[in-house]
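Structure first, then comments.
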Amino acid sequence: MDKKDIVEVLERIGTMMEIKGENPFKIRAYSAGARTLQTMEEDLGDVIEEGRLGDIPGIGKALTEKIETLYATGELEFYNKLVASVPSGLMDMLDIPGLGGKKIKVLHEKLDVDSIETLTVACQEGRVAELKGFGKKTEEKILSGIKNREAYAARHLWWDAQSMVKKILPGLEELPEVERVEAAGSFRRGMETVGDLDFLVASSNPTPIMDWFTSMDGIVEVTAHGETKSSVRFEGGMQADLRVVPSEQFYFALHHFTGSKDHNVRMRQKALSLGLSLSEWGLRPEEEKDSSRKAGPVEANSEEDIFKALGLQYVPPSLREGMGEVEAAER
DNA sequence: AGGCAAATACTG
DNA sequence: CAGTAT
DNA sequence: GCCT
């Protein structure tokens with residue numbers, strides 16, 4: 001099992017223990033361990049090999065043993081038992097903003113709630129607002145969270161996303177105001193499933209592009225229509241965003257919106273280590289207090305230029321998962 | 001053995 | 001405002 | 001759970 005999966009297991013252990021009402025400090029130890037592992041730059045295999053896992057602050061005897069077991073076998077008795085002891089419907093409830101282990105535990109014990117469905121009913125009947133520690137406001141927040149979640153959970157197969165991209169991209173390319181255009185996000189990274197489609201355009205005249213985008217066929221709702229960013233939803237539920245940036249920013253923005261989030265974090269850390277600051281806007285010398293020098297931002301005429309400026313080899317979108325690819329691209 | 005992050009939002 | 005959960 |  002790789003680092004990413006292990007981090008996930010540790011996090012789940014934490015939340016499951018929370019639902020079971022275990023010692024908060026123990027719980028904290030697991031989530032802290034997960035964080036530590038995730039931000040560790042070294043290769044997990046090497047660290048285990050050299051027996052240095054336990055030397056890492058926040059990772060003690062118990063976590064070392066569990067992480068090593070997961071790394072070697074992909075299985076963990078302790079975890080399996082925990083999973084079996086917590087109803088899966090309760091785990092689903094964790095996605096609802098405002099609900100954590102403690103409240104879920106109360107809902108389960110007092111109202112027999114064991115799924116999002118039973119929770120919805122309990123809210124509608126006003127039983128949730130009666131509970132100690134809950135109130136009218138909490139109840140409403142839960143209900144709106146459930147609705148919200150339905151929209152958000154709708155991910156689409158890459159293949160379906162591609163057929164949509166094939167319809168939209170050529171249209172954008174034809175517009176005279178469009179200098180460059182790419183589909184970014186998880187689609188560009190080639191993920192199996194794609195949330196929203198993310199289009200990025202370079203242009204100095206966004207308005208006609210926005211107008212075209214928000215009046216395409218098949219749109220059921222224009223969620224946003226601003227100067228440089230618009231969002232639409234198509235029949236079938238697919239959502240698409242369009243951003244227009246000045247051409248100097250294009251590749252920085254493309255890199256940023258291609259992600260992943262973890263990859264971007266790593267890239268920014270790398271930039272900082274060189275005294276530079278990377279963002280969707282550009283790459284420039286890190287701001288220093290009380291020093292107002294005017295060193296201009298780095299230019300990029302391709303994504304390669306950004307990697308090059310950081311002394312890295314090019315990392316293709318499909319590998320940008322923040323799982324060590326940035327470290328591996330050091331030359 | 002005994003302590004254990006910090007900020008924010010909500011309940012009562 | 002204090003206590004509690006996130 | 002981890003740390004002192």
Side-chain angles (χ1 to χ4, degrees), chain A residues 1 3 5-40 42 44 47-48 50-72 75-87 89-116 119-120 122-149 152-153 261 265:
Chain A
M1 196 175 258
K3 185 157 77 180
D5 294 328
I6 296 175
V7 166
E8 217 163 280
V9 170
L10 294 182
E11 279 169 352
R12 293 177 73 83
I13 288 176
T15 51
M16 285 190 283
M17 291 176 108
E18 211 170 11
I19 290 176
K20 301 192 73 171
E22 305 220 16
N23 182 337
F25 297 107
K26 190 184 283 193
I27 295 166
R28 180 190 299 173
Y30 275 96
S31 31
R35 264 205 318 276
T36 304
L37 202 60
Q38 187 163 33
T39 49
M40 185 181 75
E42 279 182 283
L44 180 58
V47 176
I48 290 177
E50 296 162 21
R52 290 171 17 235
L53 199 52
D55 297 346
I56 299 173
I59 298 188
K61 190 157 173 280
L63 280 180
T64 297
E65 209 166 283
K66 290 185 172 70
I67 293 169
E68 287 183 349
T69 303
L70 282 168
Y71 186 80
E75 290 276 317
L76 186 62
E77 179 75 16
F78 171 79
Y79 174 67
N80 293 340
K81 284 186 177 167
L82 207 51
V83 169
S85 70
V86 177
L90 296 185
M91 294 300 288
D92 297 340
M93 291 164 57
L94 286 165
D95 305 341
I96 302 167
L99 289 189
K102 298 206 174 134
K103 284 199 166 157
I104 290 175
K105 182 166 186 279
V106 172
L107 289 165
H108 185 214
E109 284 172 352
K110 302 290 184 191
L111 300 181
D112 255 352
V113 162
D114 62 355
S115 67
I116 290 188
L119 174 61
T120 307
C123 286
Q124 286 164 347
E125 292 175 351
R127 280 146 56 207
V128 170
E130 307 290 306
L131 290 172
K132 182 175 48 169
F134 293 70
K136 189 103 188 159
K137 205 148 185 170
T138 322
E139 196 172 77
E140 286 165 8
K141 194 177 172 194
I142 291 175
L143 279 176
S144 83
I146 290 173
K147 268 192 190 159
N148 206 303
R149 173 183 170 284
Y152 183 79
K261 186 174 155 221
V265 168

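Small disclaimer: the values here were computed from a predicted structure and weren't measured. Just so it is clear: chains get the letters A, B, ... in the order the sequence lines come, proteins before strands, and each one is counted from 1.
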Nearest whole angstrom, please: distance from the [atom2] of [N] to the [atom1] of [X].
X	N	atom1	atom2	value
A/F25	B/dA6	CZ	C1'	14 Å
A/D55	D/dC2	CG	P	13 Å
A/M93	C/dA5	CE	P	16 Å
A/I142	B/dT11	CD1	P	10 Å
A/K136	B/dT11	NZ	P	12 Å
A/I104	C/dA5	CD1	C1'	12 Å
A/L37	D/dC2	CG	P	13 Å
A/I59	D/dC3	CD1	C1'	14 Å

Regarding [X], tell me which of base, sugar-phosphate or nothing describes its non-hydrogen contacts under 4.0 Å with the strands shown.
X	value
A/Y30	sugar-phosphate
A/P57	sugar-phosphate
A/I27	nothing
A/I96	nothing
A/K61	sugar-phosphate
A/G33	nothing

_As a quick check of understanding, evaluate salt bridge (charged side-chain N to carboxylate O under 4.0 Å, His left out) for A/E77 and A/K81, giving each step before the final call._
CA-CA 6 Å; A/E77 179 75 16; A/K81 284 186 177 167; 3.8 Å; yes
*Taking atom CD of A/E50 as the centre, does the number of heavy atoms from other residues, nucleotides or ligands within less than 6.0 Å exceed 12?*
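Counting other residues, nucleotides and ligands, CD of A/E50 exceeds 12 neighbours.
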*Answer yes or no: does atom CZ of A/R127 have more than 12 heavy-atom neighbours from other residues, nucleotides or ligands under 6.0 Å?*
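Result for CZ/A/R127: enclosed.
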*Mark yes or no: A/K66 above the aromatic ring of A/Y79, with NZ or CZ under 6.0 Å from the six-membered ring centre and no more than 45 degrees from the axis.*
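No, A/K66 and A/Y79 do not form such a contact.
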From C-beta outward on [X], which listed nucleotide comes closest to its side chain: [options]?
X	options	value
A/K103	C/dA5, B/dC4, D/dC2	C/dA5
A/K102	B/dT11, D/dG1, C/dT6	C/dT6
A/K137	D/dC2, B/dT11, C/dA5	B/dT11
A/K132	B/dC4, B/dG12, D/dC2	B/dG12

_Keeping A/E22 on the side-chain end and A/M17 on the backbone end, is there a donor-acceptor pair under 3.5 Å?_
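Pair absent, no side-chain N/O of A/E22 close to backbone of A/M17.
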*Compare side-chain N and O positions of A/R28 against OP1 and OP2 of B/dA5 and report whether any pair is under 4.0 Å apart.*
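Result: yes.
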*Nearest-Å distance once atom P is located in both B/dA5 and D/dT4*: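 Pairwise P distance, B/dA5 against D/dT4, rounds to 14 Å.
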